[in-house]
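Structure record follows, encoded as structure tokens.
The chain is numbered in sequence order, starting from 1. Nothing here was measured: the structure is a model prediction, and the numbers come from that model.
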Amino acid sequence: MRNIIYIYILFIGIFSIGCSEDTISEIGTGKLAGTVVGQSSNIPLANVKISTNPASSTTFSDDEGNFQLDEISSGSYSVQAELEGYATAFEAAAVTVGGISNVVFELKTASDNNKSPLTPNLLYPEDGDIIFTSDIEFVWSSASSDNDDISYILQLRNGRTNSSEIYTIVNDTTFSVSNLELGTSYFWQIAADDSINDKVQSSISQFQTDLNEDFNFLFTRLQDGNSVIYAGSSKDFGVEFQVTSSSTNSFRPRKNLDVNKMAFLRTSGGVTNIFTANLDGTDLKQITSSIPVNGFRLDEIDFAWAVNGSKIYYPSFDKLYSVDATGGGTKLIYQTTDGSFITEVSTTDFNNNVIALKTNNSNGYGVKIFTLNLSTKIIERTILENVNGAAGGLGLNANASQLIYSRDISGSENDQYRIFQSRLFLYDFNTGLSTQLETDVALGENELDPIFSPSEGSIAFTRVKNNIGATPSIYNYIFNDNSGDEDQLLFLNAAMPDWEE
């Protein structure tokens, strides 16, 4: 019975083979062999990498330049030969079943018959340029000397930090870089690479980034646990750059264009002092030391430049001091008679004998706002007193005819000095009246730290919800605007505005 089954299976197999021999195409393997030599020398080249497309196996030529690929499927192939220092070469080959297909490669050295790219010529920014922006489009000229694709490598080095950025640009001679540090020297160079010859380097060019008149704002932003000073443009929303480091706590910036400097408060080791710097943050100098800034809540304290920028007025508890803008020369200017703290100071542009002060008790309340004659030390005009609640944000206009300030009309006085309904008021020295400004403030929001615009046609101020930890923003309120859109957002996540141009 077993023999009958075996004969039956054998018969079926023979029958199947006989029926299919005309319908199944021939499939098998063959060999691919060849030699690699240098084109001009005809010297055999060893260690040349040989591969195929479609992919099969990969091998390397021996010391005689010979190679062989065994047992690869029959068919048509593009065979590739690669060796460092030589141009990659390709040859076509047809592998047949049981046959050997032969190819010969004559490799050119990378420089043979291939020219290097033209040396890049740096066009913009030019060497020595001062650029008044943090966004730059770099422009250079170069080209391939033949038909090779060219990659350009832009190396940009920050002269202040000595750090470098590398950018690769393919077949283009322009490239834009954003958010450069202002007030910084940069060095740039272009390399052209055709992947065959050595890279061709341009000369090195240097340029300087700097501020322009559009950066007319300074403000403070909370960042990495510290207050950080930023500069920005009132003309272009979101155009801003960081002036001070986030590793230090710097706040309450005040600009003076007579000396082209800014001053600000910086807290270190529990002590707050006044520093000055260029408008881009360079040339930093501490100008107070023996008598630091002090009083009720350092984030509420304000100081002011004298008219010509020669000195700065600042408070320390119940005393008002002046200090030379170069440091030193500290003098006592005024002391309150009742021991109340001096918290804020404001000056005018044209009268160096009049300042405005805000005083309060050690809890921040019992506010009094008044102007003081520096020569006689006599209070000339009392703007606000005998009211409940917090007040502040003093800002005199240029000729001391108006004063802007804020006041919590809720009248709340509490242990946390929480302000609930701070609104903006404009005091007119001619009429002796304070008028609340009709801004778009909503219930549950506070408006703080108002300051006149340079033209005095508007004010900038901080608006923030009255809950603890709320994020503030800076707005612009335009006087006598009939468009119905008096309030304009200037900066997000920003406070303590200063506006000079």
Side-chain angles (χ1 to χ4, degrees), residues 251-252 254 263 265-267 269-274 287-306 311-324 329-348 352-396 400 403-420 422 425 427 429 432 434 448-449 496:
F251 56 102
R252 194 66 70 183
R254 289 288 179 246
L265 302 181
R266 173 170 289 178
T267 299
V271 178
T272 301
N273 280 294
I274 297 176
I287 66 166
T288 59
S289 56
S290 59
I291 304 176
V293 177
N294 222 325
F296 169 75
R297 293 181 64 102
L298 291 170
D299 59 339
E300 294 288 324
I301 288 179
D302 202 353
F303 62 94
W305 288 90
K311 55 189 173 182
I312 292 173
Y313 300 109
Y314 73 97
S316 182
F317 296 112
D318 61 338
K319 300 178 180 66
L320 179 71
Y321 291 91
S322 70
V323 60
D324 294 343
T330 303
K331 296 179 180 179
L332 176 63
I333 300 298
Y334 176 74
Q335 184 173 7
T336 62
T337 58
D338 58 0
S340 58
F341 292 173
I342 300 172
T343 303
E344 297 184 39
V345 190
S346 179
T347 57
T348 73
N352 60 6
N353 200 38
V354 175
I355 62 172
L357 298 176
K358 186 203 89 168
T359 62
N360 49 260
N361 61 30
S362 59
N363 296 319
Y365 303 117
V367 172
K368 183 176 181 178
I369 297 175
F370 57 94
T371 57
L372 178 75
N373 186 301
L374 291 176
S375 297
T376 63
K377 306 299 188 293
I378 295 175
I379 295 176
E380 292 189 337
R381 181 73 64 94
T382 298
I383 290 97
L384 184 72
E385 66 177 340
N386 300 323
V387 295
N388 292 331
L394 306 190
L396 280 168
L403 181 137
I404 192 79
Y405 65 95
S406 64
R407 182 168 71 85
D408 184 3
I409 61 176
S410 75
S412 174
E413 297 187 357
N414 52 83
D415 293 340
Q416 293 79 34
Y417 194 70
R418 185 174 172 185
I419 299 172
F420 290 92
S422 182
F425 290 82
Y427 179 82
F429 282 85
S434 288
L448 308 164
D449 294 330
M496 300 184 182

Worksheet item: Where the side chain of Ser346 meets the backbone of Leu396, is there a donor-acceptor pair that is under 3.5 Å apart?
Response: yes
Item to complete: Measure the shortest side-chain to side-chain distance between Val387 and Tyr365 over non-hydrogen atoms and say whether it is less than 4.5 angstrom.
Response: no
Item to complete: Applying side chain to side chain donor-acceptor pair (under 3.5 Å) between Thr267 and each of Thr272, Asn273, Asp299, report the one that passes.
Response: Thr272
Discussion item. Does any part of the side chain of Tyr334, heavy atoms only, come nearer than 4.5 Å to the side chain of Lys319, both counted from C-beta?
Written reply: no
Worksheet item: Would a distance-only check, ignoring hydrogens and angles, find a side-chain to backbone donor-acceptor pair under 3.5 Å from Glu344 to Gly393?
Response: yes
Discussion item. Looking at Lys358 and Ala391, would you say the former's side chain and the latter's main chain have a donor-acceptor pair under 3.5 Å?
Written reply: yes
Discussion item. Which residue is it: Thr347, Ile369, Ile355? I am looking for the one with a side-chain contact (heavy atoms from CB on, under 4.5 Å) to Leu394.
Written reply: Ile369
Practice prompt. Kindly say whether Ile274 contributes a backbone atom to a donor-acceptor pair with the side chain of Thr288 at under 3.5 angstrom?
Written response: yes
Fill in: Whether Thr371 side chain and Ala356 backbone form a donor-acceptor pair below 3.5 Å
no
Item to complete: For the pair Tyr314 and Ser322, evaluate side chain to side chain donor-acceptor pair (under 3.5 Å) and give the outcome as yes or no after the intermediate values.
Response: CA-CA 6 Å; Tyr314 73 97; Ser322 70; over 6 Å; no
Item to complete: Compare all side-chain heavy atoms of Tyr417 with those of Glu300 and state whether any distance is below 4.5 angstrom.
Response: yes
Item to complete: Taking the side chain as every heavy atom from C-beta outward, state whether Arg381 and Phe370 have any pair of such atoms under 4.5 Å apart.
Response: no
Practice prompt. For the pair Ile383 and Tyr405, evaluate side chain to side chain contact (heavy atoms under 4.5 Å, CB included) and give the outcome as yes or no after the intermediate values.
Written response: CA-CA 10 Å; Ile383 290 97; Tyr405 65 95; 3.9 Å; yes
Practice prompt. Show your working on side chain to side chain donor-acceptor pair (under 3.5 Å) between Asn294 and Ser316 and close with a plain yes or no.
Written response: CA-CA 4 Å; Asn294 222 325; Ser316 182; 5.4 Å; no
Item to complete: Calculate, to the nearest 0.5 Å, the distance between atoms OG and CD1 belonging to Ser412 and Ile419 respectively.
Response: 9.5 Å
Worksheet item: If you take all heavy atoms of Leu374 and Tyr313, which pair is closest and at what distance?
Response: CD1-OH, 3.4 Å
Worksheet entry | Any donor-acceptor N/O pair, Thr382 side chain to Leu384 backbone, under 3.5 Å | no
Worksheet item: What distance separates Ile379 CD1 from Leu357 CG, expressed to the nearest 0.5 Å?
Response: 8.5 Å
Fill in: Among Thr343, Val345, Thr336, Asp302, side-chain contact (heavy atoms from CB on, under 4.5 Å) partner for Pro315
Val345
Worksheet item: How far does OH of Tyr321 sit from CD1 of Ile333, to the nearest 0.5 angstrom?
Response: 10.5 Å
Practice prompt. Please tell me if the side chains of Val293 and Leu265 come closer than 4.5 Å, counting only heavy atoms from C-beta onward.
Written response: yes
Worksheet, complete the sentence: With sequence neighbours left out, the residues meeting salt bridge (charged side-chain N to carboxylate O under 4.0 Å, His left out) with Arg252 are Asp449
Worksheet item: Ignoring hydrogens and geometry, is there a side-chain-to-backbone donor-acceptor pair from Arg407 to Gly392 under 3.5 Å?
Response: no
Discussion item. Side chain to side chain contact (heavy atoms under 4.5 Å, CB included) for Val354 and Glu380? Distances and angles first, verdict last.
Written reply: CA-CA 9 Å; Val354 175; Glu380 292 189 337; 3.9 Å; yes
Practice prompt. Could you walk me through whether Phe341 and Ser362 pass the side chain to side chain contact (heavy atoms under 4.5 Å, CB included) test, one step at a time?
Written response: CA-CA 7 Å; Phe341 292 173; Ser362 59; 4.0 Å; yes
Worksheet item: Would Phe425 and Tyr427 count as a ring-ring contact (aromatic ring centres under 6.0 Å, His included) if you check the C-alpha gap in whole Å, the side-chain angles of each, and the deciding distance to 0.1 Å?
Response: CA-CA 6 Å; Phe425 290 82; Tyr427 179 82; over 10 Å; no
Worksheet item: Is the backbone N or O of Lys311 less than 3.5 Å from a side-chain atom of Trp305, with the two atoms forming a donor-acceptor pair by type?
Response: no
Item to complete: Look only at the side chain of Asp408 and the backbone of Phe420, and say whether a donor-acceptor pair between them is shorter than 3.5 Å.
Response: yes
Worksheet entry | Heavy-atom pair with the smallest gap, counting every atom of Ile301 and Gly295 | CD1-N, 3.7 Å
Worksheet item: Between the side chain of Asn373 and the main-chain N/O of Lys377, is any donor-acceptor distance below 3.5 Å?
Response: no
Worksheet item: How far does CG of Leu372 sit from CD1 of Ile378, to the nearest 0.5 angstrom?
Response: 9.0 Å
Practice prompt. Would you please test Asp338 and Lys368 for side chain to side chain contact (heavy atoms under 4.5 Å, CB included) and show each step?
Written response: CA-CA 12 Å; Asp338 58 0; Lys368 183 176 181 178; over 6 Å; no
